[in-house]
Amino acid sequence: MEYDFREIEKKWQRYWANNKTFRSSVMPEKPKYYVLDMFPYPSGAGLHVGHPLGYIATDIISRQKRMEGFNVLHPMGFDAFGLPAEQYAIQTGQHPAKTTEINIKRYREQLDKIGLSFDWDAAVVTSDPDYYHWTQWVFIRLFEHWYDKKTDKALPIQMLREAFAQGGSQAVEAACTPHEPFTASEWAGMSDIDQQKTLLNYRIAYLSDTMVNWCEKLGTVLANDEVKDGFSIRGNHPVVQKKMQQWSLRVSAYAQRLLDGLDRIDWSEAIKETQRNWIGRSTGAEILFDVHGHDLRIQIFTTRPDTIFGATFMVLAPEHEWAQQLTTDAQRRAVEAYREEVAKRTERERIAETRRVTGVFTGSYALNPFTRKPIPIWLADYVLAGYGTGAIMAVPAHDSRDHAFAKAFQLPIVPVIEGGDTAAEAYESKTGKLINSQDFNGLEVPRAIEAINAKVEQMGIGKAKTNYRLRDAIFSRQRYWGEPFPVFYKDGMPQTLPDDQLPLVLPEVEKYLPTEDGQPPLGRARNWHDAQGNPYELSTMPGFAGSSAYYFRYMDSKNSKELVSKEANGYWRSVDLYVGGSEHATGHLIYSRFWNKFLFDLGLVCEDEPFKKLINQGMIQGRSNFVYRVNNRKYAEAVLWEKLNSDVLGFKFKRDYNFDHAIYTFCCEEKKLIIECSAGKTAQKFLDEHQGPLRRSGYRLLVLSIEEIVEDLDAVLRRAAVLLDDREALPEHDFSKASKEAYLPLFVSKNLVRPEHQPMEIHVEVSLVRNDQLDLEAFRHWRIEYEKALFVLEGGVYHCGWAVEKMSKSLHNVVNPDDIIEDFGADTLRLYEMFLGPLQSSKPWDTNGIDGVHKFLLRVWRLFHNAQNKLEINDDEPTAEEWKSLHKTIKKVRQDIEELSFNTSVAAFMICVNELSQLKCRKRAILDPFIRLLSPFAPHLAEEIWQRLGHRDCIAFAPAPSHDEKHLVESQVEYPVSFNGKTRFLIVVPAQHSQELVSELALSSDKAQKWLEGKTPKKVIVVPNRIVNIVL
RNA sequence: GCCCAGGUGGCGGAAUCGGUAGACGCGCUGGUCUCAAACACCAGUUCCUUCGGGAGUGCCGGUUCGACUCCGGCCCUGGGUACCA
């Protein structure tokens, strides 16, 4: 083999590993570049070709940056805690650490084969105690801090204690769980336990009773981003709402900063928008409404205080704390029934019943603070307890949900903004003047909002308020395979472990299931308590715990004293380029920004955003292949009918011939011949029953087995022809052979399939198909039931159908990178993944196209080697043409790399190689920079050639070539000449010609005369170096 | 429903400060080489055509000397989100 990629790739992968070529360290004299891939969860299935897409892209960037003189940090690791390993452990008893280790090993092998320049010395594995030591350590800081709204940062709990001692709860403005206010003396009078309970309302990591997403099947709670449509994202199991004591992280405290930070980072607008929606900021007002006959004031939240005169009723969440008190005796039974019904309903049912309006009247009335008119108070589940104040003023005229509710329960609809037909539907637009609003009539909406807010504040019944949809993240999981909390309980109150006792290592358990009394699996661990016998927390941390600060550990992964040293963090700062899938938009990418900001507040890290630039690589979809299994009988009848009907036998046949209370498949009336198709087994029986009666009526009966029609249609037709020829001849029948193997699977090539064959589309393993042609032998061996399959071919081949679908085992379209590397090499795989299309867009994988890039690499090899496969290179001075080919490629490729447009840079390389091959260029001055330019894309090939060229250091750190404009200047310009915008011909003009001269040359050229048709042009436009357009 | 991304040959895709639409590759067709096949190499390949040319970047309209690119309206596909007041 002239280009022996197997040998070359093995050699250089070994070289890089042995020499630790890509090991990174702090080098203050060099500029840094930190490029990171979202680390994978090592699943049992291994990598398919879709996974390394982003890794290859970041590898090209890393290699390019190294050659540009940057000190590059390009690490990889494993997000190793997770449900699949634990589910597997439950099924098999195998320790999840064991399977995880095996899976990691396999991932590592697969990644190594691709030639990725990772610094494996910096690798982290989240399930490694040396790693989760720091996850636990950060958790303790989260527990030991609270969020101060005045300085807008996290502060130590000790400061909060001091503030409470001095001025009670009024002394601070903190992000906290709502609770009764207390004075300094009340604080001083609290027991230690009560003080601890109170502090939990403020801690950033806190324990509380909250409504959680409980997944019975997984036996654990899930965060909002782990649930979709009432089902768990992992495993698709039903999820219900349940109140439980759980750890949470006060992410909501950071809502505004998480929102503001988005404006300072270079992420795709789509992801930023998703995060903005998830954070869900809305500005409005909280307003108190008196309750008629009660000494209560209900606080509502609204974004439309301008519509307060249209508030004709009030709605509370069914779980609202005052729902009971507000219920009158007459309504009590109805209210209780409704509250029970709502509580029982699962999240899933609730979503399924969206748009079904339900609710119940409490019997009480609130007073509209402006009109003092009583308005009924209802309970309805379209108002959520967890948002705003859990209560709204309903304005049916200007809110569609309120409108639907008012319609359903015949409540009044009063328009207060002109411009809509509010009897029919809600007018939700914020344009128009106020009506029915006393003093505020005539004001435009924005002005009215200001005016009413001011009035509300003046009346002392409310104030402007901003709300966020973003909820605190539930942080405990009732599972085994996760980070243990560094927490023990004393007198029922949580306490964190001292730092010197970290890491708290995950204990062994004999079974990975919950205990008999419903405790999490850690309830099975022996001695799961501290030295004093205080029990440890039984929950473990969720998946996102380990991935929220991993990018800091890479900076200083061996540091056993700190999360990250000041020095390492100060040098690497934050990730310059982060690449991963967009599915993490609302999970990982929010949580890690939150952790980062928290660590920033504590002065532990120097940047408040972790990922400067983010790219979402598109999914690689699978390309499935199909075979078409047909109904044997339908197929046999169809092909036979096609022949009989096309008159090849010279007689007219009828189909579905009705005779003597029976329907026969085909009949030639003229010759009184009936042809019947029958499955082999039943053919003899059919013959015995029908032959006699038909003969008596003067008909002859030819029974054909389906098998013989399928196998040899011509022989069948010959037999029929004989019978048509000779009136007297009796058909012969021998079903002995056919009857044995009735209905062998029959597959018809794609273009021969007809709907009347009743085809079934069957996914076939894509490795059995090449260029959409089926390997029949391999297919027969694929499945035992296809061993004796019959095929109807086109031109000797079976053509498969295809479709683009998700790459998945069940669709048999998974392509393994190892196989591609075995057949074509890692450099070809790398190049082809990039060539497929833009990094960010989804595109189907099609192994068929890979020959193109492989041939390209072969041509590169031949550029340097002669027919004897010996390096052949000379030191001749390149021609202008050769210089130009090289330098335009350098310019294009380097610009494309900056823009992450790798598909076009591969195309540019191909063009360059085609040109240089054409020119038979073997000049060192051209090929030496060329191979350096190519090296980030095809590093193995480049290293090998680089070494053969006589270089002793490896190409990975050779200087990147840069282009020189002087080689790109043109002496001649080719102008397309168009008439009325339609291009007609080209003229070649010296580059220095003026526009007037170009215009004259265009008009005077021979070809122009034909298009001018003697007319004088109205106008001639010359765009320098671009185009000439003649307007007639 | 709302938000985002995207609709270009048989396929993946290229070209957007408006300036030759279809680069590059696959596939296909023809040719050279070969006993033959594979490989390799060369030529062709948007569609229609009366071989003059005409049409063409989801659809309709607009701006312009000129529109895949800008503007208005609509359709379709993919993704996200869903009673957040």
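Heavy-atom basis, side chains included; hydrogens, waters and symmetry copies ignored.
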[atom1] spacing across the pair [N] / [M], given as an integer number of angstrom:
N: G18(B); M: U63(B); atom1: C1'; answer: 12 Å
N: C65(B); M: A15(B); atom1: P; answer: 28 Å
N: C39(B); M: G30(B); atom1: P; answer: 15 Å
N: U69(B); M: U64(B); atom1: P; answer: 16 Å
N: A40(B); M: G54(B); atom1: P; answer: 40 Å
N: G56(B); M: A21(B); atom1: P; answer: 13 Å
N: G25(B); M: C17(B); atom1: C1'; answer: 30 Å
N: C4(B); M: C71(B); atom1: P; answer: 14 Å

Integer-rounded Å distance: [N] [atom2] and [X] [atom1]:
X: Arg276(A); N: C2(B); atom1: CZ; atom2: C1'; value: 16 Å
X: Gln275(A); N: G79(B); atom1: CD; atom2: P; value: 21 Å
X: Leu384(A); N: C83(B); atom1: CG; atom2: P; value: 7 Å
X: Ile850(A); N: C11(B); atom1: CD1; atom2: C1'; value: 16 Å
X: Asp896(A); N: C24(B); atom1: CG; atom2: C1'; value: 12 Å
X: Leu53(A); N: G13(B); atom1: CG; atom2: P; value: 12 Å
X: Arg770(A); N: G27(B); atom1: CZ; atom2: P; value: 9 Å
X: Gln617(A); N: G79(B); atom1: CD; atom2: C1'; value: 15 Å

Options [options], nucleotide nearest the side-chain atoms of [X]:
X: Thr302(A); options: A85(B), U20(B), A55(B); result: A85(B)
X: Phe835(A); options: G54(B), G12(B), C83(B); result: G12(B)
X: Lys982(A); options: G12(B), A55(B), A14(B); result: A55(B)
X: Lys843(A); options: C65(B), G12(B), A23(B); result: G12(B)
X: Asn914(A); options: U81(B), C24(B), A85(B); result: C24(B)
X: Val1031(A); options: A85(B), C65(B), C83(B); result: C65(B)
X: Ile1027(A); options: C24(B), G19(B), A82(B); result: G19(B)
X: Asn903(A); options: A14(B), C3(B), G25(B); result: A14(B)
X: Pro838(A); options: G12(B), A14(B), C3(B); result: A14(B)
X: Ala270(A); options: A85(B), A23(B), C4(B); result: C4(B)

With a 4.0 Å cut-off, would you call [X] and [Y] a salt bridge?
X: Glu970(A); Y: Lys884(A); value: yes
X: Arg276(A); Y: Glu269(A); value: yes
X: Glu2(A); Y: Arg862(A); value: yes

Can [X] and [Y] be counted as having a side-chain donor-acceptor contact under 3.5 angstrom?
X: Tyr387(A); Y: Ser282(A); result: yes
X: Ser252(A); Y: Asp472(A); result: yes
X: Ser624(A); Y: Glu805(A); result: yes
X: Asn277(A); Y: Arg469(A); result: no
X: Asn869(A); Y: Trp861(A); result: yes

Heavy-atom side-chain contact between Asp846(A) and Trp802(A) under 4.5 Å: no
Going by heavy atoms in the side chains, are Tyr468(A) and Tyr254(A) under 4.5 Å from each other? no
Check: protein-nucleotides 40-49 of chain B nitrogen or oxygen pairs below 3.5 Å:
| unit_1 | atom_1 | unit_2 | atom_2 | d |
| --- | --- | --- | --- | --- |
| C41(B) | OP1 | Arg859(A) | NE | 3.3 |

Take Arg1026(A) and Asn277(A), find for each the nucleotide of RNA chain B with the closest heavy atom, and name the residue whose nucleotide sits nearer the 5' end.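 Result of the comparison: Asn277(A).
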First encountered from the 5' end of RNA chain B, between Leu470(A) and Lys892(A): Lys892(A)
Using a 4.0 Å heavy-atom cut-off, does [X] contact any base of the nucleic acid, only the sugar-phosphate backbone, or nothing at all?
X: Leu836(A); result: sugar-phosphate
X: Gln840(A); result: nothing
X: Ser842(A); result: sugar-phosphate
X: Ile1021(A); result: base
X: Val315(A); result: nothing

Is any side-chain N or O of [X] closer than 4.0 Å to OP1 or OP2 of [N]?
X: Thr904(A); N: C24(B); result: no
X: Tyr382(A); N: A85(B); result: no
X: Arg984(A); N: G54(B); result: yes

Is G52(B) in the syn range, within 90° of 0, or in the anti range?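 What G52(B) shows is a syn base, its glycosidic angle lying within 90° of 0.
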Would G9(B) be called syn or anti, given that syn covers angles within 90° of 0?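 Base orientation relative to the sugar is syn.
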Flag the pair Phe824(A) / Tyr832(A) as yes when their ring centroid distance falls below 6.0 Å, and as no otherwise.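 Judged by ring-centre distance (under 6.0 Å), Phe824(A) and Tyr832(A) do not meet the cut-off.
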Can you confirm if the NZ or CZ of Arg623(A) lies within 45° of the ring axis of Trp845(A) and under 6.0 Å from the centre of its six-membered ring? no
Can I get a per-line list of side-chain donor-acceptor pairs under 3.5 Å for residues 1021-1028 of chain A, giving both atom names and the distance, sequence neighbours left out?
none

Per-nucleotide pairing state of RNA chain B [Watson-Crick or G-U, under 3.5 Å; [ ] pseudoknot-crossing; | other strand]: (((((((..(((......[....)))((((((.......))))))(((....)))..(((((..]....))))))))))))....
